[in-house]
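These notes are about the structure you will find just below.
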Amino acid sequence: MTKTPNTTPCWIYRSSKKDEMYLYLARQDAFEDVPQALLQRFGTPLPVMELALHPDRPLAREDVNKVIGNLRNLGYHLQMPPKLVPDLYDGETI
């Protein structure tokens, strides 16, 4: 991936153990930047996509500036699954 001005390249992997958990890396397959304990809980990283992050282009579930900062400072960013709140059936009919 080619870096252009104001963009930050990243590679995104999904967890083999936890649905909707994603790991963003500053370099392709740079798992040496990720703490071993995190990788053990994450499971096998499965590649999803390459992406050029830009501060003016928002991400669906993450603050793009926070992701860019983590990639630059740590080499990775972990996106946790959303907190789902189930709709409870209260027994009344519609």
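Values reported hereafter were calculated over all heavy atoms of this structure, with side chains retained and with hydrogens, waters and symmetry mates removed.
- Other residues, nucleotides and ligands place more than 12 heavy atoms under 6.0 Å from the CG atom of Asp63.
- Remark: side-chain polar atoms of Tyr13 are paired, donor with acceptor, to backbone N or O of Asp29 under 3.5 angstrom.
- Counting heavy atoms from C-beta outward, Leu46 and Thr44 have side chains that approach closer than 4.5 Å.
- Residue-environment remark: CZ (Arg61) exceeds the threshold of 12 foreign heavy atoms within 6.0 Å.
- Here the side chains of Asp33 and Arg27 are in contact, with some heavy-atom distance below 4.5 Å.
- Contact check for Phe42 versus Leu78: side-chain heavy atoms found under the 4.5 Å cut-off.
- Applying the side chain to side chain contact (heavy atoms under 4.5 Å, CB included) criterion to Arg57, with sequence neighbours excluded, gives His54.
- Here the closest heavy-atom approach between residue Asn65 and residue Pro55 is recorded as OD1-CB, 3.5 Å.
- Annotation: the span from Leu53 atom CG to Arg72 atom CZ amounts to 9.5 Å, rounded to 0.5 Å.
- For Pro45 against Leu39, the heavy-atom pair with the smallest separation is CG-CD2, 4.4 Å.
- At a threshold of 4.5 Å between non-hydrogen side-chain atoms, the residues Tyr22 and Glu62 do not count as touching.
- Formation of a donor-acceptor pair under 3.5 Å by the Lys17 side chain with backbone atoms of Gln40 is found in this model.
- Shown here for Trp11 and Gln28, the closest heavy-atom pair between the two residues is CE3-N, 3.4 Å.
- Exactly one of Leu51, Val67, Leu25, Leu23 qualifies for a side chain to side chain contact (heavy atoms under 4.5 Å, CB included) with Cys10. That residue is Leu51.
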field: side chain to side chain contact (heavy atoms under 4.5 Å, CB included) between Met80 and Met21, worked out
entry: CA-CA 5 Å; Met80 297 297 291; Met21 181 184 284; 3.9 Å; yes
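- Residues Asn70 and Tyr24 have side chains not in contact (no heavy-atom distance under 4.5 Å, counting atoms from C-beta outward).
- Between atom CD1 of residue Ile68 and atom OG1 of residue Thr8 there is a gap of 4.5 Å, rounded to the nearest 0.5 Å.
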